[in-house]
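Following: one structure in structure tokens, then a few remarks.
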Amino acid sequence: MASWEHACPICKTKFTYSLIPDTLESYFFPIKPHLPDEGIEFECPNCGHSSKYQQADLTFKA
Ligand SMILES: [Zn+2]
């Protein structure tokens with residue numbers, strides 16, 4: 001299943017923000033999830049570093 005990922009700025013570990021349903025439409029025209037303008041805070045599952053992420057930080061993983 002495709003997903004949106006964040007990468008930790010410290011250890012570069014990638015972790016999943018959300019899964020994308022396996023439909024052709026979402027595969028070819030993936031729409032980024034809406035994140036609040038101020039960003040959203042996540043804790044890295046690898047190193048525990050908390051960082052704020054913006055919508056632009058999301059990367060598509062097929
Ligand atoms: Zn990390």
Side-chain angles (χ1 to χ4, degrees):
M1 188 180 280
S3 60
W4 292 108
E5 289 187 333
H6 284 145
C8 172
I10 304 300
C11 70
K12 311 299 182 196
T13 294
K14 290 184 174 180
F15 53 100
T16 302
Y17 171 73
S18 66
L19 296 173
I20 302 168
D22 271 332
T23 63
L24 277 181
E25 188 179 347
S26 61
Y27 188 81
F28 286 107
F29 304 102
I31 298 164
K32 285 195 174 189
H34 178 77
L35 269 65
D37 289 343
E38 67 270 23
I40 192 164
E41 194 164 306
F42 276 97
E43 189 174 296
C44 172
N46 185 51
C47 71
H49 175 76
S50 283
S51 188
K52 278 203 167 180
Y53 296 91
Q54 311 288 336
Q55 188 183 50
D57 297 323
L58 293 172
T59 56
F60 180 75
K61 175 174 171 286

Please list, one pair per line, the donor and acceptor atoms closer than 3.5 Å that link side chains of residues 29-38 to other protein atoms, with sequence neighbours excluded.
{"residue": "K32", "atom": "NZ", "partner": "Q55", "partner atom": "O", "Å": "3.4"}
{"residue": "K32", "atom": "NZ", "partner": "L58", "partner atom": "O", "Å": "3.1"}

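Residue E41 comes nearest to S50 through the heavy atom pair OE2-CB, 3.7 Å, listed as atom of the first residue, atom of the second, then distance. What you find for Y53 and P9 is that their closest heavy atoms are OH-CD, 3.5 Å.
To the nearest 0.5 Å, atoms SG (C44) and NE2 (H49) are separated by 8.5 Å. With rounding to the nearest 0.5 angstrom, the SG atom of C8 is 13.0 Å from the CZ atom of F42.
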>> Using side chain to side chain contact (heavy atoms under 4.5 Å, CB included), reason through W4 and I20 one step at a time and then give a plain yes or no.
In response: CA-CA 7 Å; W4 292 108; I20 302 168; 3.3 Å; yes
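Criterion: ILVMFWY side-chain heavy atoms under 4.5 Å apart, direct or through other members. Under it, I10 and F15 are not part of a common hydrophobic cluster.
Screening residues 6-18 for side chain to side chain donor-acceptor pair (under 3.5 Å) gives T13-N46 as the qualifying pairs, with residues at least two apart or on separate chains.
Residue L19 shares its hydrophobic cluster (ILVMFWY side chains chained together at separations under 4.5 Å) with M1.
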